[in-house]
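First the structure, in the form of structure tokens, and then the observations on it.
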Amino acid sequence: NAGVTQTPKFQALKTGQSMTLQCAQDMNHNSMYWYRQDPGMGLRLIYYSASEGTTDKGEVPNGYNVSRLNKREFSLRLESAAPSQTSVYFCASRHLWVEKLFFGSGTQLSVL
Amino acid sequence: QQQVKQSPQSLIVQKGGISIINCAYENTAFDYFPWYQQFPGKGPALLIAIRPDVSEKKEGRFTISFNKSAKQFSLHIMDSQPGDSATYFCAARTATSNTGKLIFGQGTTLQVKP
């Protein structure tokens with residue numbers, strides 16, 4: 001039972017570099033989410049996809065883009081990384097009529 | 001703009017004691033209040049949740065108390081165990097959509113000493 005799989009687990013970038021965080025779920029969930037976790041700030045929603053083919057901004061979307069590639073996959077792209085984007089990123093998914101969010105194990109990103 | 005305020009930021013409790021974490025909100029449109037538990041190196045996982053039509057929900061040693069008039073809710077962990085040491089997040093969701101978007105509190109790091 002893989003659940004929600006995120007890759008990579010760790011990544012170090014230099015300011016201005018770009019990268020894509022990958023997320024895949026095998027639970028046939030409709031909705032997928034990207035959160036970032038920072039000390040003292042809790043989890044903040046970056047982008048979400050309520051269903052395949054749709055994406056919407058969350059609380060902190062600036063500097064990020066997303067792609068809902070298919071029902072299973074939802075990627076997060078940093079076009080020009082900044083030190084303020086140093087964080088732990090979590091992908092989550094949920095079935096349309098169930099409240100529970102299932103989270104991946106996270107990607108720890110460091111931007112120097 | 002933090003719509004859900006959580007306290008304390010950290011908590012140390014002796015084994016067998018009661019751990020209490022509090023959350024407050026302003027938006028009266030919130031209709032679902034979950035608590036998530038996160039162990040180091042892992043993603044958060046749903047622990048327990050409540051809706052505002054009840055004042056208390058209990059699952060084993062974990063209880064949510066909900067005060068609608070005060071716009072506050074709290075997590076009580078009875079007979080706290082070292083295995084309960086984790087970070088706990090309260091959250092809230094608005095009733096206006098079925099997008100599942102959750103607003104999280106700042107988190108509380110709980111340490112239970114043996």
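These figures come from a predicted structure and were not determined experimentally. Proteins come first, then strands; the chains are lettered A, B, ... in the order of their sequence lines, and each starts at number 1.
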Is Glu73(A) salt-bridged to Arg68(A), cutoff N-O under 4.0 Å? no
Close aromatic pair by centroid cut-off 6.0 Å: Trp35(B) and Phe73(B): yes
Residue Leu43(A) versus chain B: region with a heavy atom under 4.5 Å: both
Under 6.0 Å between the ring centres of Tyr35(A) and Tyr89(A)? no
Checking heavy-atom separations under 4.5 Å from chain B, one finds in residues 6-16 of chain A none
For Gln38(B), is it the side chain, the backbone, both or neither that has a heavy atom under 4.5 Å from a heavy atom of chain A? side chain
Step through it carefully: locate the ring centre of Phe104(B), locate the ring centre of Tyr36(B), and say whether they are under 6.0 Å apart. yes
Salt bridge Asp26(A)-Arg72(A), side-chain N to carboxylate O under 4.0 Å: no
Taking side chain as C-beta onward, heavy atoms only, is Arg94(A) less than 4.5 Å from Lys100(A)? no
Do His76(B) and Ser65(B) touch side chain to side chain, with heavy atoms closer than 4.5 Å? yes
Given that the side chain runs from C-beta out, which part of Pro34(B) has a heavy atom under 4.5 Å from chain A: side chain, backbone, both or neither? neither
Does a donor on one side chain and an acceptor on the other come within less than 3.5 Å for Ser49(A) and Thr55(A)? no
Under a 4.0 Å N-O cut-off, is there an ion pair linking Lys58(B) with Glu56(B)? no
Hey, which residues of residues 101-112 of chain A are touching chain B, say heavy atoms under 4.5 Å apart? Leu101(A), Phe103(A), Gly104(A), Ser105(A)
Does the pair Arg51(B)/Glu99(A) count as a salt bridge with the N-to-O cut at 4.0 Å? yes
Angle class for the Tyr25(B)/Phe33(B) ring planes (parallel below 30°, perpendicular above 60°, tilted otherwise)? tilted
